[in-house]
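All values below come from the heavy atoms of this structure, side chains included, with hydrogens, waters and symmetry mates left out.
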Number of protein chains: 2
Amino acid sequence: MKLSEAEWQIMNALWRKNPATAREIMDSLNGDVRWAYTTVKTMLTRLAAKKAVAETKRGNTSFYTPLVDQRNARRNALQNVVDRVLDGAVAPLMSFLIEDRKLSDRERKELIRMLRDADRKGESDGRDTQ
Amino acid sequence: MKLSEAEWQIMNALWRKNPATAREIMDSLNGDVRWAYTTVKTMLTRLAAKKAVAETKRGNTSFYTPLVDQRNARRNALQNVVDRVLDGAVAPLMSFLIEDRKLSDRERKELIRMLRDADRKGESDGRDTQ
DNA sequence: AAGAATCTACTACATTCGTAGAAGAAAGTC
DNA sequence: GACTTTCTTCTACGAATGTAGTAGATTCTT
């Protein structure tokens, strides 16, 4: 499942509120996105065509629901970025997280904790993906 | 500077070997990419048009050089992914790194170290971006 | 019920993207 | 020098993307 940037906007709105009508989605789009109602409808129709969302009618109004799992979709997108953009390396992802200071103290500490856990696990089964 | 997926392939090849001719780039493209020579040329022409690469002629052959900084280009791309795909959150980036086990033991340990450093820094200036 | 507001389905249209092919010029090979 | 290989520049072309407009059907409002 490959989504365009505009489609991600819609999906993110839908994941936030589900199910939702086209208008609700339009209203909950992120700040810098200002689309005509019919633009939103077009995107939804396209997403329905590629089975990324389901469309259910009640009265003359359609309600939309995501059919793809958010976590999964994101993982695929990230993997794609690693492959295509980062040329397969995850190191740039780490520097992005750390050097570009996208993390709050809380996030940083949480990440350290998660890593320690993974570290313990990694040692026990001795895996080394690199 | 916005690059398409195909353009990333070219740029990554160019960053690996710089300067390079169209044929060298073609030959050093990543495994799953098999483009006709003229396809590579087309991409290079387009990249030159958008000032992402410079083209210099020697004899009847062009040599190409990246004009955009790799680190920078990647950072922008990642920021864009965070904004559009991850809806502004970095948490999914962390789980991707950790849960999807993209890290070798070495990378994991390195990451922990980097985080500790950043952590110390974060404490001293008391910043908390979240 | 008449008019206003809202929905839907269809159509549109310029750009960008992926992916070359053709034809002619230049260079390498024997 | 003739033939082969390789480069370059131009042109092409369908699919995907971003971004709606129109017109007709429905529903709400008073």
> Can you check the A:K41 NZ to D:dG18 C1' distance for me, whole Å?
Replying inline: 18 Å
> Among side-chain atoms of B:D83 and A:N30, is any donor-acceptor pair under 3.5 angstrom?
Replying inline: no
> Between D:dT17 atom P and A:I10 atom CD1, what is the distance in whole Å?
Replying inline: 14 Å
> Does A:E110 have any side chain to side chain donor-acceptor pair (under 3.5 Å) partners at least two apart in sequence or in another chain, and if so, which?
Replying inline: A:R113
>> If you take any heavy atom closer than 4.0 Å to DNA chain C, which residues from residues 55-62 of chain A end up in contact?
In response: A:K57, A:N60, A:T61, A:S62
>> Please report the distance, rounded to the nearest Å, between CG in A:L3 and P in D:dA16.
In response: 14 Å
>> Nearest 0.5 Å, please: how far is CD1 in A:I112 from CG in B:L115?
In response: 5.0 Å
> Any link between B:I10 and B:F63 through a network of hydrophobic side chains (Ile, Leu, Val, Met, Phe, Trp, Tyr) touching at under 4.5 Å?
Replying inline: no
> Please, which pairs that meet salt bridge (Lys or Arg N to Asp or Glu O under 4.0 Å) have at least one residue in residues 61-79 of chain A, sequence neighbours excluded?
Replying inline: A:R71-B:E99, A:R75-B:D100
> Salt-bridged, B:K2 to A:E5, with N to O below 4.0 Å?
Replying inline: yes
>> Checking B:R23 now: which residues fulfil side chain to side chain donor-acceptor pair (under 3.5 Å) with it, not counting sequence neighbours?
In response: none
> Nearest-Å distance, CZ (B:F63) to C1' (D:dT6)?
Replying inline: 13 Å
> In the single-linkage hydrophobic clustering (I, L, V, M, F, W, Y; side-chain heavy atoms under 4.5 Å), do A:V85 and B:L67 co-cluster?
Replying inline: no
All N/O contacts under 3.5 Å from nucleotides 19-21 of chain C to the protein, with atom names and distances to one decimal?
residue : atom : partner : partner atom : Å
C:dT19  : OP2  : B:W35   : NE1          : 3.1
C:dT19  : O4   : B:R46   : NH2          : 3.1
C:dA20  : O5'  : B:T39   : OG1          : 2.7
C:dA20  : N7   : B:T42   : OG1          : 3.3
C:dA20  : N6   : B:T42   : OG1          : 2.7
C:dG21  : N7   : B:T38   : OG1          : 3.2

> Starting at CG of B:L47 and ending at P of C:dG18, how long is that distance when rounded to a whole Å?
Replying inline: 11 Å
> Would you say D:dG18 has OP1 or OP2 under 4.0 Å from some side-chain N or O of A:S4?
Replying inline: yes
>> Contact list please: residues 19-32 of chain B against DNA chain D, heavy atoms, distance less than 4.0 Å, in numerical order.
In response: B:R23
